[in-house]
Amino acid sequence: MVGLKRHYETPAGVVKALDGIDLEIHEGERVILLGPSGSGKTTLLNCLSALDSPTDGSYIFQGNEVPRNSSEKMTSFRRENIGYVFQFFNLLQDLSVLENIQLIQELSGKKNPTRAKELLSLVGLEEEMGRFPGEISGGQQQRVAIARSIAKKPTLLLGDELTGNLDTETSQKVMQALVEACAKEKITAIFVTHDESLVEYATRVIRIDSGKIMSDETVAQIEV
Ligand SMILES: Nc1ncnc2c1ncn2[C@@H]1O[C@H](COP(=O)(O)OP(=O)(O)OP(=O)(O)O)[C@@H](O)[C@H]1O
Ligand SMILES: [Mg+2]
């Protein structure tokens with residue numbers, strides 16, 4: 001993306017949530033995005049996933065301009081390419097762990113019971129698959145959410161504070177499961193966090209402040 005901007009008009013004036021972001025993300029990278037509260041991290045993820053349209057600048061995804069200002073086209077771009085993991089796991093409480101995964105497969109036309117089970121064992125939850133979200137821990141729920149987000153084989157996986165609700169030890173487990181899943185499924189990932197200790201799971205660390213990139217470092221090789 002080049003010169004990406006997202007400005008909000010507010011009664012108090014214009015808020016420059018993103019103020020000229022130039023960024024090229026390569027396949028297989030795991031990027032950690034750090035920055036103070038209000039620096040534009042969520043806004044950037046929303047633009048990357050076409051949940052939101054930038055005010056200015058270009059965003060090319062695998063050679064094509066990403067649609068904007070058309071909710072229909074933005075939705076289909078998102079369906080085809082993007083996986084999203086939230087801070088609050090957003091699992092359906094009335095469905096079992098396995099059914100939560102299968103539902104997403106059905107919605108994206110990729111029903112495959114064997115793969116659903118494989119994904120759960122990838123995140124270490126094969127034994128919990130018949131349970132309901134209310135019957136497993138927060139860290140386990142987040143691992144279900146991760147399995148669910150990769151069930152549709154996204155090209156790009158985005159996470160906003162996905163360990164924000166978990167203790168340190170559980171965060172580590174969730175991140176390990178995530179790194180393994182991304183490497184195995186060849187998924188590029190971008191995670192927003194406030195937790196500096198998660199840097200060890202990244203191949204690249206980007207810091208933003210006031211809608212601008214402050215630093216951008218590659219810290220590890222991409223596994224092939
Ligand atoms: N809908 C909106 N209307 C006006 N201003 C907004 C809107 N959404 C976000 N902003 C402003 O844009 C800036 C960036 O917000 P953003 O949510 O991207 O920050 P963030 O880095 O994700 O912060 P946090 O770490 O607290 O989640 C902030 O100044 C915020 O107040
Ligand atoms: Mg945010």
Side-chain angles (χ1 to χ4, degrees), residues 1-25 29-59 61 66-75 77-78 81-91 138-139 141-142 145-146 148-149 154 156-168 170-172 174-175 178 182 188-217 219:
M1 53 176 47
V2 179
L4 205 78
K5 293 188 182 161
R6 177 65 169 101
H7 293 177
Y8 295 106
E9 309 277 348
T10 72
V14 177
V15 177
K16 298 179 175 179
L18 296 179
D19 194 20
I21 298 276
D22 299 331
L23 192 57
E24 189 173 342
I25 308 281
E29 282 187 317
R30 281 191 307 280
V31 179
I32 293 245
L33 187 61
L34 293 161
S37 183
S39 57
K41 303 181 297 296
T42 298
T43 309
L44 181 56
L45 289 194
N46 290 344
C47 288
L48 284 167
S49 61
L51 270 173
D52 191 9
S53 294
T55 322
D56 197 7
S58 91
Y59 173 23
F61 189 93
V66 172
R68 58 183 75 172
N69 304 322
S70 150
S71 63
E72 214 173 297
K73 287 184 186 156
M74 288 160 74
T75 302
F77 166 80
R78 208 161 46 240
N81 299 295
I82 307 292
Y84 216 113
V85 189
F86 301 91
Q87 177 171 4
F88 304 99
F89 326 122
N90 293 338
L91 299 174
Q141 290 185 54
Q142 192 58 306
I146 289 167
R148 181 184 57 177
S149 70
L156 179 62
L157 180 66
L158 303 173
D160 200 350
E161 293 290 350
L162 64 102
T163 60
N165 260 346
L166 307 173
D167 62 54
T168 313
T170 311
S171 299
Q172 306 281 343
V174 165
M175 287 307 288
L178 196 57
C182 288
T188 307
I190 306 179
F191 306 121
V192 163
T193 182
H194 284 109
D195 184 352
E196 294 269 346
S197 75
L198 299 184
V199 163
E200 66 170 297
Y201 298 102
T203 63
R204 181 170 170 189
V205 179
I206 297 174
R207 289 170 201 273
I208 69 170
D209 200 358
S210 309
K212 294 191 167 83
I213 294 183
M214 294 288 125
S215 71
D216 181 353
E217 277 180 282
V219 294

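Every number for a ligand or one of its atoms is a count from 1 in the order of the listing. Predicted, not measured: the structure shown is a model, and the values here were computed from it.
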Do side-chain atoms of [X] reach the backbone of [Y] as a donor and acceptor pair under 3.5 angstrom?
X	Y	result
D22	G3	yes
R207	S215	no
S149	V85	no
Q142	L162	yes
T203	R30	yes

Is there at least one protein heavy-atom neighbour under 4.0 Å from atom 25 (O) of ligand 1?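 Flag for atom 25 (O) of ligand 1 set to true, protein heavy atom closer than 4.0 Å.
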
Is atom 30 (C) of ligand 1 less than 4.0 angstrom from at least one protein heavy atom?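 Not a single protein heavy atom is under 4.0 Å away.
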
In Å, rounded to the nearest 0.5 Å, how long is the span from [atom1] of [X] to [atom2] of [Y]?
X	Y	atom1	atom2	value
K16	L18	NZ	CG	12.5 Å
L33	H194	CG	NE2	10.0 Å
D52	R6	CG	CZ	4.0 Å

For atom 17 (O) of ligand 1, which candidate among D19, D160, N46, T42 provides the closest heavy atom?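 Looking at heavy atoms only, the winner is T42.
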
If you measure from atom 28 (C) of ligand 1 to every heavy atom of S39, G38, P11, which option wins on shortest distance?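 Ranked by closest heavy atom to atom 28 (C) of ligand 1, first place is G38.
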
Heavy atom of the protein closest to atom 9 (C) of ligand 1 (residue, atom name, distance):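 Of the protein heavy atoms, Y8 CE1, 3.5 Å lies nearest.
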
heavy-atom search around atom 12 (O) of ligand 1 in the protein gives A17 CB, 3.3 Å

Can an N or O of [X] be found at a distance shorter than 3.5 Å from an N or O of ligand 1?
X	value
T10	no
V15	no
G40	yes

Take K41 and D160 through the salt bridge (Lys or Arg N to Asp or Glu O under 4.0 Å) test and state the conclusion after the steps. CA-CA 8 Å; K41 303 181 297 296; D160 200 350; over 6 Å; no

Those atoms of ligand 1 less than 4.0 Å from some heavy atom in H194: 25 (O)

Using a 4.0 Å cutoff against the non-hydrogen atoms of P36, which atoms of ligand 1 qualify?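 Counting from 1, the qualifying ligand atoms are 21 (O).
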
Flag the pair F191 / Y201 as yes when their ring centroid distance falls below 6.0 Å, and as no otherwise. no

At a non-hydrogen distance cut-off of under 4.0 Å, which region of E161 contacts ligand 1 (side chain, backbone, both, or neither)?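 It is neither; nothing of E161 touches ligand 1.
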
Quick look: T43 vs ligand 1, heavy-atom contacts under 4.0 Å, and the answer is both

Across all chains, not counting sequence neighbours, the salt bridge (charged side-chain N to carboxylate O under 4.0 Å, His left out) partners of E24 are none

Given a threshold of 2.8 Å, state how many protein N/O/S atoms are nearer than that to the Mg ion (ligand 2).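 The number of such protein atoms is 1.
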
Could you label the plane-to-plane angle of the F61 and Y59 rings as parallel, tilted or perpendicular, counting under 30° as parallel and over 60° as perpendicular?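 Ring orientation, 0 to 90° scale: perpendicular.
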
